[in-house]
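Below is one structure, written out as structure tokens; comments come after it.
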Amino acid sequence: MRKLRLFGVAIACLLSHQQSIMAQGSDIKKDTIALQHGAHRIGNRTDADMERWRNLRFGQFIHWGVYAIPGGIWNGKVYDGAAEWIRSWKEMPKDAYDNLYKQFDPVACDPAAWAQQAKDMGAKYMVITTKHHDGFCLWPSKFSKYTIAATPYKKDIIGPMVAAYNKAGIDAYLYFSIIDWNNPDWRTSLKTAADTAAMVRFKVFVKNQLKELLERYPTVKGFWFDGTWDDSWKNDGAFSDELEQYLQKLHPGLIIGSRLRADEKGARHFDSNNRLMGDYEQGWERKLPEKIADVHGHDWEGVMTVPENQWGYHQRWDGHIKSSNEIIEMLAKSVSLSGNFVLNFGPKPDGTFRTEEQQLMTNIGSWMKVNGEAIYGAGYAGFEKQDWGYFTRKTGTDTVYMVVCNVPVSGKLRVKLPAGKVIGSAYTLEEPGTQLSPELIVRNEYFIPIAQKVYTTPLVVVLTLWNGAAADHYEKAKT
Ligand code: JFZ
């Protein structure tokens, strides 16, 4: 898919190059396919709500539901897929899964403690599963019987979470899956007239639930849609388009990523003219772009799991588990490419977090307290990527941050600036009172000596840049 899309981009670039030559000076690429339900905007949103989202940079994802009860193990057998998908495993009797809600009683769930912990980690927004593919609703929806209200816990989870996070200064977003294994009207594809009729009913149900969520939780900033890859959804681009417009009309400013949308030809995320639909590119999942060209100037968000692919709580975390330094590096990389980064957590059935996740939050938080300045409100610096790590820059300023993930054995960071820039001052966020002494090597290239010690977390060097030409100490040699 990606390869195809890249091929598409290449073709589109060639075409647009041709067109711009023909248009003599006009650099606006023309759409080749007439679409009613494609992208409705070219370029990023410029309003205050989107600007706010863009500056948050770091979010917390929460995957929580009845799948936390088996936690990836049924009858002593370990499911090696993602824990929240266990219902689809042949070893898991559907009937047993569909009765798990009778045991869902997260008595130790403390929304204020969750929010405090997220705040201490440095998260500025959170995305919580209101309903995953199993159809279980964490809010007492009046459109379904399969909700938190039917559990021994009885109480709404979403409302208190949104309120607690908002109180801690964290914006709330709602994850909502279009796949619903609990609703008899949900279909993956439409083969008969009966299927079509069922899906029509299902879409009314989806619309009702979304309206209900916005009415119940009016402070939410957006929806994070998922499960939109089936034919039944992507072959009705008109509905996804109308739904998006309907929700944004109900709740002006609402932020919705590209995953909700398809166009009338079934193209997802990007329409058939290769234009991004929705408010930001929502396809970066457990992978991040490598370079700025990969994001084509779009707002984007990457979502990441701590193990390789577990979103909901799994009792056994197998394989590689990401360390806080790896996560910090991913966050810095995302910001250096002008994107947001969202780290996932899967709370246990009682409403507490596993110790590995708690430790991770604490470690990331300690780093963010010192170095958050390089993350929040920062983005692509416009400079060449260099070996020691990632440049970020506060939009519109000449203050750039070097997030140093690879400390060289020489104890000196080799930094190359674009022509016309010189270093005015340099210091680290861990010791802002101590000026570093950059040494000019050759025009626009410096060595910045840093304290010789063992670094256990990435170091952030702040550079204040001035305009000017660095003196060239090297004579040009004839070659
Ligand atoms: C989906 C879900 O199936 C999963 O359980 C989790 O909620 C995750 C956030 O979203 O999984 C996906 C969706 C899209 C891709 C991969 C996994 N993708 O685009 O590569």
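Whatever order the structure lists them in is the order used to number ligands and atoms, beginning at 1. Treat the numbers as computed from the prediction; the structure is a model and nothing was measured.
Considering M304, E285, H269 only, the shortest heavy-atom separation from atom 20 (O) of ligand 1 involves E285. Counting only non-hydrogen atoms, the option in H63, R259, E84 that gets closest to atom 14 (C) of ligand 1 is R259.
D231 and R187 are not joined by a salt bridge, as no carboxylate oxygen comes within less than 4.0 angstrom of a charged side-chain nitrogen.
For the pair V303 and ligand 1, no heavy-atom separation below 4.0 Å is found.
Residue contact check: W85 has heavy atoms under 4.0 Å from atoms 2 (C), 3 (O), 4 (C), 5 (O) of ligand 1. Applying the 4.0 Å criterion to heavy atoms of W229 picks out, from ligand 1, the atoms 1 (C), 3 (O), 13 (C).
Taking the centre and axis of the six-membered ring of Y125, the NZ or CZ atom of K221 falls outside the cone set by 45° and 6.0 Å. Cation-pi check for K207 over Y246 is met; the charged atom lies under 6.0 angstrom from the ring centroid and within 45 degrees of its normal.
You'll find the ring centres of W85 and W181 inside the 6.0 Å limit.
Geometrically, ligand 1 and H132 share a nitrogen or oxygen pair separated by less than 3.5 Å. Considering backbone and side-chain atoms together, W311 places no N or O closer than 3.5 Å to any N or O of ligand 1. The shortest N or O to N or O distance between K287 and ligand 1 is not under 3.5 Å. Remark: ligand 1 and R286 share no N or O pair separated by less than 3.5 Å (distance only, no angle test).
The single protein non-hydrogen atom nearest to atom 3 (O) of ligand 1 is H133 NE2, 2.7 Å, given as residue, atom name and distance. Protein heavy atom closest to atom 10 (O) of ligand 1, with residue, atom name and distance, is D226 OD2, 2.8 Å.
Using a 30° and 60° split on the angle between ring planes, F176 and F225 fall in the perpendicular class, above 60°. The aromatic rings of Y175 and H133 lie tilted to each other, with the angle between the two planes from 30° to 60°.
No part of R268 comes within 4.0 Å of ligand 1, judged by heavy-atom distances.
Shown here are the side-chain hydrogen bond (donor to acceptor under 3.5 Å, both in side chains) partners of E242, two or more places apart in sequence or in another chain: there are none.
Within the structure, the ring-ring contact (aromatic ring centres under 6.0 Å, His included) test picks out the following pairs touching residues 352-385 (sequence neighbours left out): W114-F353, F383-F391.
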